[in-house]
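Notes for the one structure printed next.
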Amino acid sequence: MFDKKNFKIPLDQFINNALYHKKKGYYVKNVPFGKDGDFITAPNISRIFSEMIFLWIISYWEKFYKNKEINIVELGAGNGEMMSQIIISSKKFNNFYDKCNFFIYEKSKKMIEIQKQKLKKYNVKWFQDFGKLENPTIFFGNEFLDALPVKQYLNKNNKWYERYVQKKGGNYSFTEIECDIKKIEKKLDLKFSKKQNFLEISLNEFKLIKELNNIISKKGGCILFIDYAYLNHKMIDTLQAVKKHKKVNLLNDVGNADISHVINIPFLKKIAIKNDLMLDFVTQRDFLLNLGILQRAEILAANKKFLEKANIYYRINRLIDKKQMGELFKVIFFYKKKNKFDKGFK
Ligand SMILES: C[S@@+](CC[C@H](N)C(=O)[O-])C[C@H]1O[C@@H](n2cnc3c(N)ncnc32)[C@H](O)[C@@H]1O
């Protein structure tokens, strides 16, 4: 895509190339996380975030799989920070740690290198094929779903069009091609276009949940995502490109900015129902407060100097404040009906 002067491809293909092109993709060239990168994620704001996820994971294991072997699988592990904190916390509970197999499912070779370096002291395996997982499996991913490519469809005068990206003379622009939305719905066996005049859907997300569901249906387990998400049935265009902590034009500087979208919960619910899965969600704020993030902060802050204490609370505030990440981010839990679990959710 980068070397060609002229082409026209569907939006999701464009995003996939912009992020993962072998040589020029964003996640192939860049380490995006942190103050000097392009964006910061919750595990890189405070280790307490990962500790809370750990607490949830071990509680789930205790309730349903105590004393049984379990796979702890992170989807899209970025710089490996979250997995490293989860393993550090797990090691404090021998009876749990001895039963854990830690895995990472990651697409970017560059991220895998960074993860391997960071986690070299620990026994973590990287894998590509979900079918090979034995044992009950807890899948989790922070800002993973938002990184999956999306397709967009627009309705004009009762006709549906798919959004494409074209390159002409080296410049990128959007264009549309008429499509048969009913045929697409039929192929996915999912109806999503009713009462919409705009659609933003990820076929990768659809495929992934199906694959994860296959595992937890056969072996047991569940799926936990933390991501920015909205609740309106009516879909909107949420696609964004971010560089140096600022939104930038998606079609400028392709390959040098992260691209993500905001998850639509009603669409995820449809995918859940189709897979015979239950879906619960709660704001990140409520989830972390319910799990006791403030109590944990108090313990960590005790005996610390004023500035260190302030730093701990400043970071926690970023995670739970309603105007920062607290409300925009949701914790989304997919589970089988018999394994309902509401820790963190109420
Ligand atoms: C926005 S980053 C989040 C990283 C990390 N979870 C965090 O919170 O810091 C998205 C991560 O998912 C990975 N990723 C994106 N699409 C993927 C896919 N289809 N399969 C596996 N990993 C993927 C990216 O390479 C990156 O590591």
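It should be emphasised that the depicted structure is a prediction, and the values quoted were computed from it without experimental measurement. Just follow the structure's listing: the first ligand is 1, and inside any ligand the first atom is 1. Positions are given from 1, in the same order as the sequence printed here.
- Remark: side-chain polar atoms of Glu185 are paired, donor with acceptor, to backbone N or O of Ser193 under 3.5 angstrom.
- Considering only non-hydrogen atoms, atom 1 (C) of ligand 1 lies nearest to Glu143 out of Lys110, Glu143, Gln128.
- Proximity to Glu74 (heavy-atom distance under 4.0 Å) selects the following atoms of ligand 1: 6 (N).
- Sequence neighbours left out, the pairs with a member in residues 112-123 that pass salt bridge (charged side-chain N to carboxylate O under 4.0 Å, His left out) are Glu81-Lys118.
- For ligand 1 and Asn44, the ligand atoms under 4.0 Å from any heavy atom of the residue are 9 (O).
- Close approach of ligand 1 to Pro43 is summarised as follows: ligand atoms under 4.0 Å from at least one heavy atom of the residue are 8 (O).
- The aromatic rings of Tyr105 and Phe127 lie tilted to each other, with the angle between the two planes from 30° to 60°.
- For atom 2 (S) of ligand 1, the closest heavy atom belonging to the protein is Tyr27 OH, 3.5 Å.
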Inset, instruction - Please assess Tyr172 against Phe14 for the test ring pair (Phe, Tyr, Trp, His ring centres under 6.0 Å), listing each intermediate value before the final yes or no. - result: CA-CA 10 Å; Tyr172 295 95; Phe14 165 79; 5.6 Å; yes
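- Counting the atoms of ligand 1 from 1 in the order shown, those under 4.0 Å from a heavy atom of Gly78 are 4 (C), 5 (C), 27 (O).
- Relative orientation of the Tyr60 and Tyr65 rings is tilted, given thresholds of 30° and 60° on the angle between their planes.
- Checking side-chain atoms of Lys330 against main-chain N and O of Phe281 turns up no donor-acceptor pair under 3.5 Å.
- Of the candidates Leu145, Thr41, Leu208, it is Thr41 that places a heavy atom closest to atom 9 (O) of ligand 1.
- In this structure, the protein non-hydrogen atom closest to atom 21 (C) of ligand 1 is Lys107 N, 3.2 Å.
- With a 4.0 Å cut-off on non-hydrogen atoms, Asn79 does not touch ligand 1 at all.
- Closest approach of Arg296 and Ile48 over heavy atoms only: CG-CG2, 3.7 Å.
- Using cut-offs of 30° and 60° for the angle between ring planes, the Phe139 and Phe130 rings count as perpendicular.
- Ranked by closest heavy atom to atom 11 (C) of ligand 1, the top entry among Pro32, Ser50, Ala42, Gly76 is Gly76.
- Counting the atoms of ligand 1 from 1 in the order shown, those under 4.0 Å from a heavy atom of Ser108 are 25 (O).
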Inset, instruction - Might you work through the ring pair (Phe, Tyr, Trp, His ring centres under 6.0 Å) test for Tyr122 and Phe102, ending with a clear yes or no? - result: CA-CA 9 Å; Tyr122 307 120; Phe102 297 100; 8.3 Å; no
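- Taking a cut-off of under 4.0 Å to the non-hydrogen atoms of Tyr105, the atoms of ligand 1 that pass are 20 (N), 21 (C), 22 (N).
- For Met82, no heavy-atom contact with ligand 1 is shorter than 4.0 Å.
- The heavy atom nearest to atom 24 (C) of ligand 1, considering only Tyr20, Phe39, Phe144, is found in Tyr20.
- The shortest contact between atom 19 (N) of ligand 1 and any protein heavy atom is with Leu148 CD2, 3.6 Å.
- In this structure, Lys107 forms a cation-pi arrangement with Tyr20, its terminal cationic atom sitting closer than 6.0 Å to the ring centre and no more than 45° off the ring axis.
- Leu291 approaches Gly344 most closely through the heavy-atom pair CG-CA, 4.1 Å.
- Closest protein heavy atom to atom 8 (O) of ligand 1: Asn142 ND2, 2.8 Å.
- With hydrogens left out, the protein atom closest to atom 27 (O) of ligand 1 is Glu106 OE1, 2.8 Å, a heavy atom.
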